[in-house]
Engineer: 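A single structure is presented below for examination.
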Amino acid sequence: MATPIGPLGVATDGGAVTGIDFLPPAVGPKVADTPLAGRVVKELEHYFLDASHGFSLPLHAAGTEFQQSVWGLLREIPLGQVWTYGDMARKLGSSPRAVGNACRHNPLPVIVPCHRVVSAQGLGGYAGETAGRNMEIKCWLLAHEGVDLPL
DNA sequence: TTAGGTAGTCTCG
DNA sequence: CGAGACTACCTAA
């Protein structure tokens with residue numbers, strides 16, 4: 001299966017995963033040379049083969065209290081479902097715009113499934129972009145999970 | 001279609 | 001610190 005997802009950068013620290021990066025296609029994989037990084041790659045490969053394969057990895061995403069709560073809530077979105085930024089905001093007692101802001105800074109894309117959050121009107125954005133390669137990745141991930149896109 | 005409202009974060013000074 | 005500008009938004013008119 002061909003994914004639009006190019007090489008991934010994996011960052012680890014103190015026994016936990018701290019960052020996942022989408023790298024330009026020309027660049028080779030840049031994976032921290034640790035046993036944990038190996039586990040990360042293996043779990044990601046399983047997931048790319050079969051979306052129902054979840055992740056069991058020690059994660060440490062650095063961020064503010066609010067961001068932590070947003071990222072925590074993201075991990076509760078069931079496979080194959082999409083929520084809107086507004087849904088998230090209501091559950092958190094916050095505002096949609098603030099939720100989008102926090103999602104934008106998610107350091108662990110794919111593992112923390114920020115691709116399962118879309119706008120009430122369109123598709124929102126992904127990895128800091130509202131158009132371009134990262135949005136293709138978002139669409140691929142959603143299709144891979146069996147979501148038919150509302151467009 | 002737009003106009004306004006919203007919450008959190010960042011950047012100046 | 002404070003003001004102002006920036007968002008992967010939403011709702012009402």
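Values below: all heavy atoms of this structure, side chains included; hydrogens, waters and symmetry mates excluded. Chain A is the first sequence line, chain B the second, and so forth, proteins listed ahead of strands; every chain is numbered from 1.
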Engineer: With rounding to the nearest 0.5 Å, note down the distance linking CD1 in A:Ile137 to OG1 in A:Thr3.
Structural biologist: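 So the gap between those two atoms works out to 8.0 Å.
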Engineer: Describe, in one word, how the ring planes of A:Tyr126 and A:His115 are oriented to each other, choosing from parallel (under 30°), tilted (30 to 60°) and perpendicular (over 60°).
Structural biologist: perpendicular
Engineer: Can you check whether A:Thr64 has a side-chain N or O nearer than 4.0 Å to OP1 or OP2 of B:dG8?
Structural biologist: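 So the side-chain polar atoms of A:Thr64 never come under 4.0 Å of the phosphate oxygens OP1 or OP2 of B:dG8.
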Engineer: Between atom CD in A:Glu65 and atom P in B:dT9, what is the gap in whole Å?
Structural biologist: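 Spelled out: CD on A:Glu65 to P on B:dT9 is 10 Å.
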Engineer: Which atom names give the shortest non-hydrogen contact between A:Thr18 and A:Pro107, and what distance separates them?
Structural biologist: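 Where A:Thr18 meets A:Pro107 most closely, the heavy atoms are O-CB, 3.8 Å.
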Engineer: Between OH of A:Tyr47 and CD1 of A:Ile111, what distance do you get to the nearest 0.5 Å?
Structural biologist: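 If I round to the nearest 0.5 Å, the distance is 10.5 Å.
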Engineer: If you take any heavy atom closer than 4.0 Å to DNA chain C, which residues from residues 89-96 of chain A end up in contact?
Structural biologist: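 Heavy-atom cutoff 4.0 Å gives A:Arg90, A:Pro96.
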Engineer: Rounding to a whole Å, what distance do you find between A:His105:NE2 and B:dT9:P?
Structural biologist: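 Distance check: A:His105 NE2 to B:dT9 P gives 9 Å.
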Engineer: For A:Asp87 and C:dT11, what is the distance between atoms CG and C1' respectively, to the nearest whole Å?
Structural biologist: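 So the two atoms are 14 Å apart, to the nearest Å.
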Engineer: To the nearest 0.5 Å, tell me how far A:Cys103 SG sits from A:Tyr85 OH.
Structural biologist: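 Answer for the SG-OH pair, A:Cys103 versus A:Tyr85, is 6.0 Å.
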Engineer: Starting at CH2 of A:Trp71 and ending at C1' of B:dG8, how long is that distance when rounded to a whole Å?
Structural biologist: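 Nearest whole value for this atom pair: 13 Å.
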Engineer: Could you go through residues 70-80 of chain A and list every donor-acceptor pair under 3.5 Å that involves a side-chain atom there, pairing it with any protein atom two or more places apart or in another chain?
Structural biologist:
{"unit_1": "A:Trp71", "atom_1": "NE1", "unit_2": "A:Ala102", "atom_2": "O", "d": "3.1"}

Engineer: As an exercise, state the distance from CG of A:Leu44 to CD1 of A:Ile5, rounded to the nearest 0.5 Å.
Structural biologist: 8.5 Å
Engineer: Measure from CG on A:Asn101 to C1' on B:dG5 and round the result to the nearest Å.
Structural biologist: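 A:Asn101 atom CG is separated from B:dG5 atom C1' by 16 Å.
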Engineer: Once you round it to whole Å, what is the distance between P of B:dG4 and CZ of A:Arg97?
Structural biologist: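 To the nearest whole Å, that distance equals 15 Å.
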Engineer: Tell me the salt bridge (charged side-chain N to carboxylate O under 4.0 Å, His left out) pairs involving residues 129-147 of chain A, sequence neighbours left out?
Structural biologist: A:Arg116-A:Glu145
Engineer: Let me know the distance between CD of A:Glu129 and C1' of C:dT7, rounded to the nearest Å.
Structural biologist: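 That distance rounds to 15 Å.
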Engineer: DNA chain C in dot-bracket, Watson-Crick or G-U pairs under 3.5 Å, [ ] crossing, | other strand?
Structural biologist: |||||||.|||||
Engineer: Just verifying a value: how many Å separate A:Leu57 CG and A:Leu36 CG, rounded to the nearest 0.5 Å?
Structural biologist: 6.5 Å
Engineer: So A:His53 and A:His46, would you call those rings parallel, tilted or perpendicular, with 30° and 60° as cut-offs?
Structural biologist: tilted
Engineer: Pull out every residue in residues 109-116 of chain A that has a heavy atom closer than 4.0 Å to any atom of DNA chain B, ordered by number, or say none.
Structural biologist: none
Engineer: Could you tell me how far apart A:Phe66 (CZ) and C:dT7 (C1') are, to the nearest whole angstrom?
Structural biologist: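 Those two atoms, CZ and C1', are 12 Å apart.
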Engineer: Looking across every strand, which nucleic acid part, if any, lies under 4.0 Å from A:Ala127 by heavy atom: base, sugar-phosphate, or nothing?
Structural biologist: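 Base contact.
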Engineer: Going by the salt bridge (charged side-chain N to carboxylate O under 4.0 Å, His left out) test, which pairs reach into residues 86-98 of chain A, not counting sequence neighbours?
Structural biologist: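 Those involving residues 86-98 of chain A are A:Asp87-A:Arg90.
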